[in-house]
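Below you'll find the structure, written out as structure tokens, and then a few comments.
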Amino acid sequence: MTWPRGPTGSVSGVQFGPVETTAIATDELEATAAATDELEEEPDETGATESARSSVARPAVLESTEPTETVEPFERSPLEVQPASVTDTTNTRDTTDPTDTDMNRDNEFRREHCITHGSPPKNAKGPKQAHPAGNLGAMKNAMPEKPTLDGLEARWDGVWESAGTYRFDPTATREQVYSIDTPPPTVSGSLHVGHVFSYTHTDTIARFQRMSGKAVFYPMGWDDNGLPTERRVQNFYGVNGDASLPYDPEWKPKHFGDAPKDRESISRRNFIELCQQLTAEDEKVFETLWRTLGLSVDWKQTYATIDERSQRVSQKAFLRMAARKQAYQLEAPTLWDIDFQTAVAQAELEDREQEAAYHRVAFHRSDGGGVIFIETTRPELLAACVALVAHPDDERYKPFFGTTVTTPLFGVEVPVKAHPLAQIDKGSGIAMICTFGDTTDVTWWRELQLPTRAIIGRNGRIVADAPEGVAAEPYARIAGKTAKQAQAEIVIMLRESGELDGEPRKIKHPVKFFEKGDRPLEIVTSRQWYVRTVNDREALMTRAEDITWHPPYMQSRLENWIEGLNGDWCISRQRFFGVPFPVWYSIDAYGEVNHTNPIFADEASLPIDPQSATPLGFTEAQRNQPCGFTGDPDVMDTWATSSVTPQIAGQWDEPGSDLFDRIFPMDLRPQGHDIIRTWLFTTLVRANAEHNSLPWNNTLLSGWILDPDRKKMSKSKGNVVTPIHMLEEYGSDAIRYWAACARPGVDTTVDPGQMKIGRKLAIKLLNASKFVLGITGGAPADATKVTEIIDRGMLVRLSHLVAAATQDFTEYDYARALERTESFFWGFCDDYVELVKIRAYGAEAISLEASLSAQHALSICLSTMQRLLAPFLPFVTEEVWSWWHDVDATGSIHTQPWPTTNEFTDAMGAVTTDDTYAATIEVLGSVRRAKTEAKRSMRWPVDNLLIKSALELETTLTPGLEDLKAAGSIAAVVFGTANPREPQDPEYVVTLALIDPNAAPPKQ
RNA sequence: GGGCGGUUAGCUCAGUUGGUAGAGCACCGCCUUCACACGGCGGGGGUCGCUGGUUCGAGUCCAGUAUCGCCCACCA
């Protein structure tokens, strides 16, 4: 056996205690110290005495047991943790003189071994016995005997609300503010786990910014505007809105959820009141969810997209656009949903694969020279045909350009035109242009200056009267029919006339739908309000580049969209529950409405409803009368309101308020990537035009939530998981953990496994906090007390973590910050705490300085861990923080400063590396592995640990050797030189020389 | 048709300047209750979609390609 070459007497300030006080367990010594000397003392068999003996050396209890001159560990009163059985042995402690002169090293190490593996368990028992609930009341917020996550949500949500923890400071300057353009959820929609997912991402950022010292402006809006709400109100109350009816203040709904099919017609204002009643209920449900989830929203900063402010802001912004000529009105072909009977915008389209059939139809050449075959999927539009078109280079049709043909059945003479959009290889290469079958028709119609022959009505049926020049008799057979019925009839008629060549060929092709609609869109001519976007393409593209995108690749989504813009933004909708246009039109003496000179409302009068308000210079009696006026019947597109959410939340409309200037341009727009072309784009359009600015500097895109089959979750698919159930089952912190693990923009699976891990982490934080605070007594950390190299090494690591996590958050990579912090935290629990807990408890042989060093390092690290985890696990971190901080006096953990590396400067002293700490836990891991391989408990005593090292590991390891020995129950450590000829680990080989596999397990 | 992203252990996913493949879960084994059994320790498991190229060296860079998903498009 090699003699230890380690330090003599004192190791890094660890001073060996007097021999007389050493507790020795006989059995352990017999089992493990066989190679060393005989025992010198009898063990003390009584647990109580052991406990007492070990406890007396604990710095944490000294102050409250015996006022001695040697110990003053805490600046303020620690826990009352001394065991009842404490005896006056305090003074046996000798912290000044190692006096090892009479001892040979063998004895010294053996004794140390005995102490460390014999005492700590009993030591550790000390606080547990000594922490009756009554005493714990001395804690700021009673640390429970058995910590639990249950009930934390309700408890802390209440505290935060009454304390105003998340209130925005309206006096903060723009530089001090961090403002968030929170997405207003559609309250009439169902709650689902996707909400929880993406809002959690935002909340982690908000909490980080708040702790970083920013005044966080984090409002909540409710999107109760638009069609989903209308649809619910119609079905729930059994009513229909009718803009032509007068408001009836006495009117009350007769049905609640049991409405008959024939609906009652009510005025727009009555209808809107119902919408507001119903959505108010929905908002409560959402708020409950958000509070349970722990969103750090300022609940004083709320709005609804249909409330008075939203209407005022929308109308004000509209009037300004109209004044700038950015908004204009036009009668033009419009994308039209025949069921909702409203115009829809390009952004609200989606393609759906539909069954269709090519019908090969003969057009007779007017010169009598035969027929030209076209192929169409919409033969029912034959009566609406205004031209044929082929590609200018198509040799087959070149001869016919400029000539005319006659439409089958209806006998209309139409020109044959050339246009580059016509595709040579599609169908027969020549297409019929109808007004209007699709958007290409509109392009051709406009660019080739063709006449209009509209036959599809706003209800989707063929209109009653044939357009001019169309044969009336055949037309009568399709009039009044739906498109589908008309198509069947036309096929019959074409067969009868022999102008259908062959049978229709079935195909599948994409057809444009309104995203909320059930039947394909039609294109009808109507008068609508538009906002210019196409002409601003370049400016918008520049704005898109100026936004910082998280993740960056999402930028191309917007650029794609901007490049593909093919028309201005149609903002008027022929619906009821929305923001009305603050516009009237005069009516001339003949009853014709004058649309060219709209009468705009005065900004000061907003919000107004032109259906009930009277324009200046008119009386209400003149409404809808010749020489009178009429109100614009339409409402704004939901995105026309949503696109000014920064202005709404910032109270842009409030005359005396400077709030808007303090929060705009905002810092962050979080949202789903599915609404880049709508919400993100339109907000950009509005801010660009109105403020010549970005609406916000960053946008954070969340991914989709997928069910376990990797399908997008949606209500219609019936695979939606109710978030409330998950929150109840796993706890809010656990759900937040799951959400925060997902990188920005990454589609994510609902994963109960990940939620369990989050719960595990939260529970671990409870227990680790309880344990550490049990050791330190909850005293505040004092960086100057950290002296041990091993403690400083851990803090070096911690400072790296803080720097990295802070950087992650700055880059909106909350997930990486969480990953790092979580990983460090488990290492802290498994390695550092295990390594130093015996020293921190302060067994007899350990110096006060060494013990305090561990205690204060533990305090520093615990405080840092709790704060770093606070953005992710707000409930459990507040709970454990409250155990050792007076939350009432010094505030919530969520308003504490975010950790900075400056906090560690003093504590780290001159130590700049974690070499010793790293090497020590590395060796400790090897010891564990060896014990596991020997199928022994981690507490199994090791008599002699041999470390063969190719490098000078000894020097590195020495400062932490006593901790290593204590944590590994190791009596002695021996260093050897590695044989360079043996294949081995490049750094070292650990051999547990003397585990006696036949020995009995250590006695309890 | 244009664009974007994914493809790494059975599963869910990391892998930041190219340098000996990672985590958690699941699985297997061990340790029992001395903060935590809602625990601890350890182990097995991957030719990083495929093919080329650059390089001393490629999961990482380049060029193709397959496949899944998404966005966009003038889809007769």
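Order of the sequence lines sets the chain letters (A, B, ...), proteins ahead of strands, with each chain counted from 1.
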Exercise. Should the pair A:Glu559-A:Arg557 be classified as a salt bridge under the 4.0 Å nitrogen-to-oxygen rule?
Worked result: no

Problem set entry | A:Phe872 and its ring-ring contact (aromatic ring centres under 6.0 Å, His included) partner, picked from A:Trp738, A:Phe809, A:Tyr737 | A:Phe809

Exercise. Looking at residues at least two apart in the chain, or sitting in another chain, which of them share a side-chain hydrogen bond (donor to acceptor under 3.5 Å, both in side chains) with A:Asp425?
Worked result: none

Exercise. How far, in whole Å, is B:G19 from B:U55 if one measures between their C1' atoms?
Worked result: 12 Å

Problem set entry | Length of the CD1-C1' vector between A:Ile838 and B:A35, whole Å | 14 Å

Problem set entry | Residue matched to B:A9 through Watson-Crick or wobble contacts both under 3.5 angstrom | none

Exercise. Within less than 4.0 Å of OP1 or OP2 of B:A76, is there a side-chain N or O belonging to A:Ser428?
Worked result: no

Seminar exercise, completed: By side-chain hydrogen bond (donor to acceptor under 3.5 Å, both in side chains), A:Glu563 pairs with (sequence neighbours left out) none

Problem set entry | Nucleotide B:A35, atom C1' - distance to CG of A:Asp830 in whole Å | 12 Å

Exercise. Does any pair with a residue in residues 427-447 of chain A pass salt bridge (charged side-chain N to carboxylate O under 4.0 Å, His left out), and if so which ones, sequence neighbours excluded?
Worked result: none

For this session: Please check the phosphate of B:C74 (OP1 and OP2 only) for any side-chain N or O of A:Asn566 closer than 4.0 Å.
Result: yes

Problem set entry | Base-pairing assignment for B:G1 (Watson-Crick or G-U wobble, both under 3.5 Å) | B:C72

Exercise. Is there a residue in residues 814-826 of chain A whose heavy atoms reach under 4.0 Å of RNA chain B, and which residues are they?
Worked result: A:Arg816, A:Glu819, A:Trp826

Exercise. Within the pair A:Arg677 and B:C72, is there a side-chain N or O less than 4.0 Å away from OP1 or OP2?
Worked result: yes

Problem set entry | Distance test, side-chain N/O of A:Lys764 to OP1/OP2 of B:G24, below 4.0 Å | no

Seminar exercise, completed: When rounded to whole Å, the CG to P distance for the pair A:Asp808 and B:A14 reads 14 Å

Problem set entry | Base-pairing mate for B:U65 - Watson-Crick or G-U, with both contacts under 3.5 Å | B:G49

For this session: List for me each residue that meets salt bridge (Lys or Arg N to Asp or Glu O under 4.0 Å) alongside A:Glu728, sequence neighbours excluded, and say none if there are none.
Result: none

For this session: Measure from NZ on A:Lys931 to C1' on B:G40 and round the result to the nearest Å.
Result: 13 Å

Exercise. A:Arg929 CZ to B:C31 P: how many Å, rounded?
Worked result: 18 Å

Exercise. Should A:Lys760 be listed as having a side-chain N or O under 4.0 Å from OP1 or OP2 of B:C25?
Worked result: yes

Problem set entry | Residue pairs passing the salt bridge (charged side-chain N to carboxylate O under 4.0 Å, His left out) test where at least one lies in residues 375-391 of chain A, sequence neighbours excluded | A:Arg360-A:Glu375, A:Glu375-A:Arg505, A:Arg378-A:Glu380, A:Arg378-A:Glu522

Exercise. What's the NZ-P distance between A:Lys146 and B:G39, to the nearest Å?
Worked result: 11 Å

Problem set entry | Contact residues, residues 552-560 of chain A to RNA chain B [heavy atom, < 4.0 Å] | A:Tyr553, A:Ser556, A:Arg557, A:Asn560

Seminar exercise, completed: Residues passing the salt bridge (Lys or Arg N to Asp or Glu O under 4.0 Å) test with A:Asp831, sequence neighbours excluded, are A:Arg928

Exercise. Listed by chain and number, what are the ring-ring contact (aromatic ring centres under 6.0 Å, His included) partners of A:Phe824, not counting sequence neighbours?
Worked result: none

Exercise. CZ of A:Arg928 versus P of B:G43: gap in Å, rounded?
Worked result: 12 Å

Exercise. Phosphate oxygens OP1/OP2 of B:A73: is one of them under 4.0 Å from a side-chain N or O of A:Gln346?
Worked result: yes

For this session: Could you tell me the separation between the CG atom of A:Asn767 and the C1' atom of B:G39, rounded to a whole number of Å?
Result: 9 Å

Exercise. Want to settle it: does A:Leu421 or A:Cys741 sit nearer the 5' end of RNA chain B, counting the closest nucleotide to each?
Worked result: A:Cys741

Problem set entry | Salt-bridge contact A:Arg759-A:Asp733 (side-chain N to carboxylate O under 4.0 Å) | no

